[in-house]
Protein chains: 4
Amino acid sequence: MTEQLAVAVLGARGRMGIEAVKAVEAAEDMKLVAALGRGDSLETLLEAGAQYIVDLTVPDTTEANVRFAVEHGIHAVVGTTGWDASRLDSLRELLEQQQGTGVLIAPNFALGSVLASAFAAKASKYFESVEIIELHHPNKVDAPSGTAVRTAQLIAEARKEAGLPSSPDATESALEGARGCEVDGVRVHSVRLRGLVAHQEVLLGGPGEQLTLRHDSFDRASFMPGVLLGLRKVAAHPGLTVGLDGYLDLGL
Amino acid sequence: MTEQLAVAVLGARGRMGIEAVKAVEAAEDMKLVAALGRGDSLETLLEAGAQYIVDLTVPDTTEANVRFAVEHGIHAVVGTTGWDASRLDSLRELLEQQQGTGVLIAPNFALGSVLASAFAAKASKYFESVEIIELHHPNKVDAPSGTAVRTAQLIAEARKEAGLPSSPDATESALEGARGCEVDGVRVHSVRLRGLVAHQEVLLGGPGEQLTLRHDSFDRASFMPGVLLGLRKVAAHPGLTVGLDGYLDLGL
Amino acid sequence: MTEQLAVAVLGARGRMGIEAVKAVEAAEDMKLVAALGRGDSLETLLEAGAQYIVDLTVPDTTEANVRFAVEHGIHAVVGTTGWDASRLDSLRELLEQQQGTGVLIAPNFALGSVLASAFAAKASKYFESVEIIELHHPNKVDAPSGTAVRTAQLIAEARKEAGLPSSPDATESALEGARGCEVDGVRVHSVRLRGLVAHQEVLLGGPGEQLTLRHDSFDRASFMPGVLLGLRKVAAHPGLTVGLDGYLDLGL
Amino acid sequence: MTEQLAVAVLGARGRMGIEAVKAVEAAEDMKLVAALGRGDSLETLLEAGAQYIVDLTVPDTTEANVRFAVEHGIHAVVGTTGWDASRLDSLRELLEQQQGTGVLIAPNFALGSVLASAFAAKASKYFESVEIIELHHPNKVDAPSGTAVRTAQLIAEARKEAGLPSSPDATESALEGARGCEVDGVRVHSVRLRGLVAHQEVLLGGPGEQLTLRHDSFDRASFMPGVLLGLRKVAAHPGLTVGLDGYLDLGL
C-alpha cells in the first residue's frame, strides 16, 4: 500500500477550507493531520507531522503561513490571494535555501477553467475571430471577471506571437456597449443572471466553422480536484510554481 | 386532390426571390404561375391567373406591387421593407374596399425566430433576470440586430405589464461596454464572428434555474417555410396583418 | 397593506420542505403559520389558522393531508407524487362538495421546465425535426428522465394533431443505441455526467434554421418560485388543477 | 516580397475542388498554376511548374496522383480517402527515395474539429465523466459519425494511459438506446436534425464543474484554412504525415 500524504488545512473554517477538509478526508492517498483556523498556532503543523499544507486563509496571514511551512520543509499549495511581485520574489529567495521544498500558488483551482483558458490561447492562432462571453450571478460587483480578463490576455499574447490581426468587425453604428468591452483587443461580454454561478465561453470563428470552449462552475466543490492534484504533484516541483497549468500535462 | 394555389413571385431574380421560386415549385399544394423581375409588367399577374403574390422586391416598388395585387383581389405575402405607418394606413384603407383580400407584411419570416421572440416575452414574466445575446457574421454594420431590439422591446413590455422590476445587477466597477447595451432596460450583447450567419439567445434566470431560448439561422432557406405558411393562411386572414406571429397558433 | 396569506408547510423537515419553509418566510405577501413534520397532528393547521398548505410529504400520507385540508376549506398546493387516477377522482368528488376550495397537484414546480415543455410542444408543429437531450448527474437510476418522457409525449401529441410525419432520418447503419431511444416516435438521448444536476434541451430543426429550448435546474431552490406562484393563484382556481401550466399565462 | 507557392489542384471540378481553387486563388502567398479534372494529364503539373498539389480526387486515382507528384519532387496535400495501410506503406518507401519531399494525408481538414478532438483527449484525463454528442443533417446514413468514433477512441486511449476508470453511471432501468452507444467505453449520442450540417460536443464533468468543447461545421469552406495551412507547412515536414494535428502547434 502506498503511504498517505500527511496534509494540514489552514483556513479550515472558511467556506473553501471546509470543502478542502472534506476533500482531503475523502482522498484515499491522503490523511488529514491538522485543520487550523484563525488564531491556531502554526506549531501544530510540526506536532501533527504535516508534510503538506493547503493555505486557504486571507491575504494578511498567507505569507507568514507559507514561509513557516517552507522553513520547516513542508510543501505548500496556496489558494489565497494577495501574493504581489515583492512577496513572490521574497518567497523565491527563501525557497532557494530550502532545496527540495515546493510551493504552488494558484489563483484558480478549477481544472476545467484552467484547461479552457489554455486551449483558448492555443486555438486562437488558427481562427480569424475570437470573443469571450462570461456569465455570473447578479451579485458580482465587477465586470468582466478576473478569469475573463486573464483569458483575453493569454489569447491576445498568442495571436500577437502568431502575427494575427484583430478579429474582423465591420460595425459602423452601435448602441453604446453593444459590442462589449475590449481587453488587449479581445471583445469580452459580461452577462449577469440570477441562478448562475460562474461560467465562461470562448467563441472562435473561421470561414464556415466555429469552435466553442465553455466552462461551467456550479459549485465551490469544483476547486477541490485541482487542490488534490496540486498536493499530489507539489513535491515533484521544488521551488515556486504560479498557476495550476504548470502542473498539467498540456504540452504548452 | 386539393387544388393548388396559383402563386407569382415578384423580385424573382434577387437572392430571396430565387429561394422563393424554388420553394413554391417544390410545394405540392402550390403552382408557380409567374416569376417577375425588375421591369416586368404587373399585367403578367393577370394573364397568368395569379391568386397570390410573394413580394420580395425593394422599398421603391413594393407599395405599387401590393396595391396592384389588392385592387385585383390577389392576396399578398410581403417580405420587402419600407412599409412605414403612412403606407400601412393607406393600404388598410384600400383593403377595406376589397373585402376578402388578405395581405401579410412580415419583417421576419424565420418561424423559429418569430417563435423564440414570442416565447421569450411570455417567459420573461416568470424570471428575475433576462438578457439577450445576438451573434452575427463580422460584415454586419449595425449592433445590436433589429431582431434583438424587437425582442428586447417585447420583453420589456411584458415585464412592465406584469409589474416586474428590471433584472438585478450589483455591478459597481466595469470596463466600458462589458455589460452590453440597454434596450428598454434589457441588456443586449452583440457578438461578431467569422463563420456565423444570424443567431440569438435569450437567457432567463431565476433562483437555481435557467431557461435558454436560442435560434440559429444558417441559411436564407430558413425563411421559406414561413413564406409558404403565409401563402397558405393569407386568404383566411382578410385585411392587413403585420408580423408572421399573427398567423401562428401561439395563443398569445 | 395587503393581507398576508397564512401558509402551513407539511413535510417541513424534508429536503424540499426545508426550502419551502425558507421561501414562505421570505415572501412578503405570506406568513408561515405552521411547519409540520412526520407525526405532527393535522389539527395544528386549524389552531394555527392556516388558509393554505404546501404538501411536500410522502405518497403514503399526502392523500389524507390534502383531504383534511379540503374538508376544512384550506387550499392546497401539492408536490408529493403518488396521485393515481383513482385518488384524483376521489379528490375531485370531495372538492365538488367544497365549492371555492382549490387544489393544485404539480409533478414539476420548476417554472422554466414547465414553460420549456409547453413551448416545445407549441413549436414542434412548425419544424420538420425534433429530438430531446436530457442531461443529469450520474447517480440517476432511470433513463430517460420523467420530464423528458412527458415532454416527448406532449410533442408527439401536438405533431399528431397537426398531421406531421415523424422526423426525417436516413440512418441505415448505426451502432446500437447511437440514435437514442424512442418515446412516442420522438428520439430522446440521456447523458449522465458528474457535476450536473438536471438539464434538458429540445432541438427543433427546419431548412436552414434551428430552435433550441434549454432548461437547467441547478438547485432545489428552482422549485420555490413555482410553489409560491401556486400559493398565490390556488384560491382563484377552485376545484382540482393538475400541472402548474394550468396557472401560467401560456395561452395554450 | 515573399515568393508565392506554385499550387495545382487535382479534382478541381468536384465540390471540394471548386472551394480549393477559390481558396488558393484568394491566398496572397500562393499562385494557382493548374486545375486538373478527371481525364486531364498529370504531365500538366510539370509544364505548369507546380511545386505543390492538393489532391481532392477519388480513391481510385489518388494513389497514382500522389506517387507521380512525389517522383517529381512535388509536395502533396491529400484530402481523398482510400489510403489503407498497404498504400501508406508503399508511399513511405517511395518517400525514402525522395528525401525532402513531403506528403500530408488528412481525413479531416477542419481546424476546429482537429483541435477539439485533441483538446478533448487532453482534458479527459482530468474529469470523472465524458460523453460525446454529435449532430448532423438527417440525410446522413451512418451513426455515429466517423469523427465521433475517432474522438471517442482518442479519449479512451488517453484515459487508459492515465489509469482512469470508465465514467460513473448508476443507470438501472433504461429505455433501449437512451444512454447512446458505446465506443471503447465512451458513450456517444447521434442527433439527426433538418437544418444542421456537422456538429460535435464533447462534455466533460467533474464535481461541481463542466467543460464543453463544441465544434460546428456550417459549410465546406471550413476545410479550406486547413488545406492552406497544410500547403504552407508540408515542405517543412518531409516524409509522410497522417492527420493535420501533426502540423498544429498543440504540444501534444
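Naming convention: chains lettered A, B, ... in sequence-line order (proteins, then strands); numbering from 1 in each chain. Please read all numbers here as calculations on a predicted model, not as lab measurements.
When atom types are taken as modelled, the side chain of A:Arg179 and the backbone of B:Ser190 share a donor-acceptor pair closer than 3.5 angstrom.
For B:Thr171, the parts sitting under 4.5 Å from any heavy atom of chain A are the backbone and the side chain alike. For A:Leu196, the part lying under 4.5 angstrom from a heavy atom of chain B is the side chain only. For a residue to count as touching a neighbouring chain, one of its non-hydrogen atoms must lie under 4.5 Å from one of that chain's; by this rule A:Val130 touches chain B with the backbone only. Residue A:Leu204 touches chain B through its backbone alone, counting heavy-atom pairs closer than 4.5 Å.
For the options A:Pro144, A:Ala170, A:Pro168, A:Ala148, heavy-atom pairs under 4.5 Å to chain B are most numerous at A:Ala170. The candidate from A:Gly195, A:Gly205, A:Gly177 with the greatest count of non-hydrogen atom pairs under 4.5 Å with chain B is A:Gly177. No other option in A:Glu182, A:Lys140, A:His137, A:Glu134 has as many heavy-atom pairs under 4.5 Å with chain B as A:Lys140. Of the listed residues (B:Glu176, B:Glu209, B:Glu172), the one with the most heavy-atom contacts under 4.5 Å to chain A is B:Glu172. Between chain A and the options B:Gly208, B:Ser167, B:Ala174, heavy-atom pairs under 4.5 Å are most frequent for B:Ala174.
Between A:Pro207 and B:Arg194, the shortest heavy-atom distance links the atoms N-CG, 3.6 Å. In this structure, A:Glu131 and B:Leu193 approach most closely via the heavy-atom pair N-CD1, 4.1 Å. In terms of heavy-atom proximity, A:Cys181 sits nearest to B:Ala178 at CB-N, 3.6 Å.
Taken from CG in A:Leu203 to NE2 in B:His199, the straight-line distance is 10.5 Å, to the nearest 0.5 Å.
Contact annotation: the side chain of B:Ser173 never approaches that of A:Val141 to less than 4.5 Å [non-hydrogen atoms, C-beta and beyond]. Side-chain contact between B:Val191 and A:His189: present, with at least one pair of heavy atoms (C-beta onward) separated by less than 4.5 Å.
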